[in-house]
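What follows is a single structure, written as structure tokens, with notes after it.
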Amino acid sequence: MRYSPLVEVFHGEGAEAWRIHDEARKRQQAGEDVILLSVGDPDFPTPEPIVEAAVRALRSGDTHYSDIPGRPHLRDAIAREFSAAQGRTLAREEVIVGAGAQNVLFSTGLCLLGPGDEVIVLEPMYVTYEATLRASGATLRRVAMTAESGFRPDPAALRAAVNERTRAIVLTTPNNPTGVVLAAEELEAIAAIARAHDLWVVVDEVYAALAFERPHVSIASLPGMAERTVTIGSLSKSHAMTGWRVGWAIAPADFTDHVERLELSMLYGLPGFVQEAAAAGFDDYRGTTEAMRARYRARRDLVVDALKDTPGLRVLAPEAGMFVLVDVRATGLSSEDFAWRLLREAGVSTLDAGAFGPTTRGFLRMSFTLDEADLARACQRIDGFMRRL
């Protein structure tokens, strides 16, 4: 039997990186003492008011078709919460809800890009974004944010990547896996290029609520950027709702109209009870995110402090998020080989950060989404592994 070659677009180095996580889960399920630091799935329970809102909705019979772009009161809540960050009063029509950030980016790519177009992506980028964007038929042009620069953008390299086929710039701030938060002046340099060449900017801000010290700035708030920016957000990380699959895009209303037409054929709206749960997440959005941010900052500090004197490792303290990058280049092992040996010899699962692009080869991405005791135990195992190595 023949299969469509389109599916092959979604296969690649990024997707292959998850093999180590899958192997670690199998070992854990088989009873082995494995500590999983390879995925960004918060260990916190979803806040009780959110769960209760979903239960009430289910019990009231909210199990039928729902609003394709998102229920009006949910879109209104998102618009209210992010108006200040966007630097203007958002309208409901500028918000569309989807099944997590990945689904929203996929829809964005299909609505903005097509065969023959090029899209500039600031790398490192999330492991599946290359395949998600290439599904539109567009070509990716990578612009590296190098380790030597502290994984920060180079405006000259970005300008040099623009050509007559360039349609959009895609970036993530705060970044996964580096935890870098782009400063206002860095965002303005990117915005200036977008304005000069009439480009869209697609920005993943999923970790915006988890910025520790440097304040997060939305590029959409800069002059001339509201009409050319698609901002992607989610409750997955900030509210421990990864399995609920709730994300959104904030963009000009004519763009959200295009996405709604696409979602009519793809998703046909999130389940109503999930939308009611998401709406409850905005009742105390800031209180919830402040509590989450404090816990993650404490965990970051624990990991950085525990590994700072480990020979052969260099730990990069993130400015946001739930991951820390660890430089293992001094060991002489590739980051892939290091990650597999660490799993097999020490029972700690991490992710080869090379999956996020060539700029992060030689680094591991470690999540700090476990409780403090397990994180301390994992760090002890890593330190012991390095001293044996």
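Since this is a predicted model, take the numbers as computed values, not measurements.
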Assess the residue pair Arg361 and Glu336 against the criterion (salt bridge (Lys or Arg N to Asp or Glu O under 4.0 Å)); give the C-alpha distance rounded to whole Å, side-chain angles, the decisive distance to 0.1 Å, and a yes or no.
CA-CA 9 Å; Arg361 286 179 184 152; Glu336 181 182 14; over 6 Å; no

Working for side chain to side chain contact (heavy atoms under 4.5 Å, CB included), residues Asp198 and Arg228:
CA-CA 8 Å; Asp198 194 23; Arg228 65 177 68 254; 3.2 Å; yes

Residues Arg245, Asn103; criterion side chain to side chain contact (heavy atoms under 4.5 Å, CB included); working and verdict
CA-CA 9 Å; Arg245 310 313 303 137; Asn103 165 261; over 6 Å; no

Test side chain to side chain contact (heavy atoms under 4.5 Å, CB included) applied to Trp18 and Leu351, step by step
CA-CA 8 Å; Trp18 290 112; Leu351 202 66; 4.1 Å; yes

Quick one: do Asp305 and Lys308 satisfy salt bridge (Lys or Arg N to Asp or Glu O under 4.0 Å)? Show the steps, please.
CA-CA 5 Å; Asp305 185 65; Lys308 71 178 188 298; 2.8 Å; yes

Donor-acceptor list for residues 266-273 side chains, cut-off 3.5 Å, not counting sequence neighbours:
none

Could you pull out every donor-acceptor pair under 3.5 Å between side chains of residues 381-389 and any protein atom, sequence neighbours left out?
residue, atom, partner, partner atom, Å
Arg381, NH1, Asp33, O, 3.1
Arg381, NH1, Ala346, O, 3.3
Arg381, NH1, Gly347, O, 3.2
Arg381, NH2, Asp33, OD1, 3.3
Arg381, NH2, Asp33, OD2, 2.3
Asp383, OD1, Thr310, OG1, 2.8
Asp383, OD1, Arg387, NE, 3.3
Asp383, OD1, Arg387, NH2, 3.3
Asp383, OD2, Arg387, NE, 2.7
Arg388, NH1, Gly384, O, 3.4

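Distance CG/Leu370 to CE/Met322: 11.5 Å, rounded to 0.5 Å. Rounding to the nearest 0.5 angstrom, the gap separating the CG atom in Leu364 from the CG atom in Leu37 is 10.0 Å. For the atom pair CD of Glu93 and CG of Leu90, the computed distance is 11.0 Å after rounding to the nearest 0.5 Å. Residue Glu94 holds its CD atom at 8.0 Å from OG of Ser83, rounded to the nearest 0.5 Å. One finds the CG atom of Leu133 at 11.5 Å from the OG1 atom of Thr139 (value rounded to the nearest 0.5 Å). Thr166 contributes atom OG1, which lies 4.0 Å from atom CG of Asn163 (distance to the nearest 0.5 angstrom).
Between the Asp374 side chain and the Ile35 main chain, no donor and acceptor come within less than 3.5 Å of each other. No donor-acceptor pair closer than 3.5 Å links the side chain of Thr369 to the backbone N or O of Gly40. The backbone N or O of Ala156 lies less than 3.5 Å from a partner atom in the side chain of Asp154, making a donor-acceptor pair. Between the side chain of Arg152 and the backbone N or O of Val181 there is at least one donor-acceptor pair closer than 3.5 Å. A donor-acceptor pair is defined here as one N or O able to donate and one able to accept, closer than 3.5 Å; such a pair exists between the side chain of Arg167 and the backbone of Leu112.
Cluster membership check: Val97 does not share its hydrophobic cluster with Val206, using side-chain heavy-atom separations under 4.5 Å among Ile, Leu, Val, Met, Phe, Trp and Tyr. Cluster membership check: Leu36 does not share its hydrophobic cluster with Val348, using side-chain heavy-atom separations under 4.5 Å among Ile, Leu, Val, Met, Phe, Trp and Tyr. When the side chains of ILVMFWY residues are joined at heavy-atom separations under 4.5 Å, either directly or via intervening members, Leu342 and Val34 end up in two distinct hydrophobic clusters. In the hydrophobic clustering of this structure, Phe323 groups with Val328; members are Ile, Leu, Val, Met, Phe, Trp, Tyr whose side-chain heavy atoms approach within less than 4.5 Å, directly or through other members. When the side chains of ILVMFWY residues are joined at heavy-atom separations under 4.5 Å, either directly or via intervening members, Leu264 and Phe255 end up in two distinct hydrophobic clusters.
The pair Asp62-Arg56 does not meet the salt-bridge criterion, since no charged nitrogen lies less than 4.0 angstrom from a carboxylate oxygen. Taking the charged nitrogens against the carboxylate oxygens, Glu213 and Arg297 have no contact shorter than 4.0 Å, which rules out a salt bridge. We find that Glu32 and Arg344 are not joined by a salt bridge, their nearest charged nitrogen and carboxylate oxygen being 4.0 Å or further apart. Taking the charged nitrogens against the carboxylate oxygens, Glu23 and Arg19 have no contact shorter than 4.0 Å, which rules out a salt bridge.
Side-chain contact between Met125 and Leu140 is present, with at least one heavy-atom pair separated by less than 4.5 Å. Counting only heavy atoms from C-beta outward, the side chains of Val326 and Met366 approach each other to under 4.5 Å. By the 4.5 Å heavy-atom criterion applied to side chains, Val121 and Tyr129 are not counted as neighbours. Taking the side chain as every heavy atom from C-beta outward, Arg88 and Ser221 never approach each other to under 4.5 Å. Looking at heavy atoms from C-beta onward, Arg365 lies in side-chain contact with Asn176 at the 4.5 angstrom threshold. Looking only at side-chain heavy atoms (C-beta outward), Leu210 and Thr289 stay at 4.5 Å or farther from each other. You'll find the side chain of Arg286 reaches within 4.5 Å of the side chain of Glu81, heavy atoms only. Here the side chains of Cys111 and Trp200 are not in contact, with every heavy-atom distance at 4.5 Å or above.
The residue from Glu118, Glu123, Glu130 that alone fulfils the salt bridge (charged side-chain N to carboxylate O under 4.0 Å, His left out) condition with Arg141 is Glu118. A side-chain contact (heavy atoms from CB on, under 4.5 Å) with Trp248 is found for one member of Thr231, Leu235, Ile232 and no other, namely Leu235. Each of Gln86, Glu205, Arg75 was compared with Ile250 under the side-chain contact (heavy atoms from CB on, under 4.5 Å) criterion, and only Gln86 meets it.
Taking the six-membered ring where tryptophan is involved, the planes of Phe282 and Tyr285 are essentially parallel, since the angle between them stays under 30° and well short of 60°.
Listed by chain and number, the hydrophobic cluster partners of Ile120 are Leu122, Val143, Met145, Phe151, Leu158, Val162, Ile169, Leu171, Val180, Leu182, Leu187, Ile190, Ile193, Leu199, Val201, Val203, Val217, Ile219, Leu222, Met225, Leu316, Leu325, Phe363, where partners are ILVMFWY side chains within reach of under 4.5 Å, directly or through others.
Under the ring-ring contact (aromatic ring centres under 6.0 Å, His included) criterion, the residue pairs touching residues 291-313 are Phe44-Tyr296, with sequence neighbours excluded. The side-chain hydrogen bond (donor to acceptor under 3.5 Å, both in side chains) analysis of residues 313-327, with sequence neighbours excluded, yields the pairs Arg214-Glu319, Arg314-Asp327, Asp327-Arg329. Applying the side-chain hydrogen bond (donor to acceptor under 3.5 Å, both in side chains) rule to pairs touching residues 37-48 yields His21-Ser38, Ser38-Ser349, Asp41-Thr242, Asp43-Arg299, Thr46-Trp244, sequence neighbours excluded.
Surrounding CZ of Arg195 are more than 12 heavy atoms belonging to other residues, nucleotides or ligands, all under 6.0 Å away.
Across all non-hydrogen atoms, the minimal contact from Ser335 to Asp352 is OG-OD1, 2.5 Å. Contact record, His239 with Gly281: NE2-O, 3.1 Å, taken as the closest heavy-atom pair.
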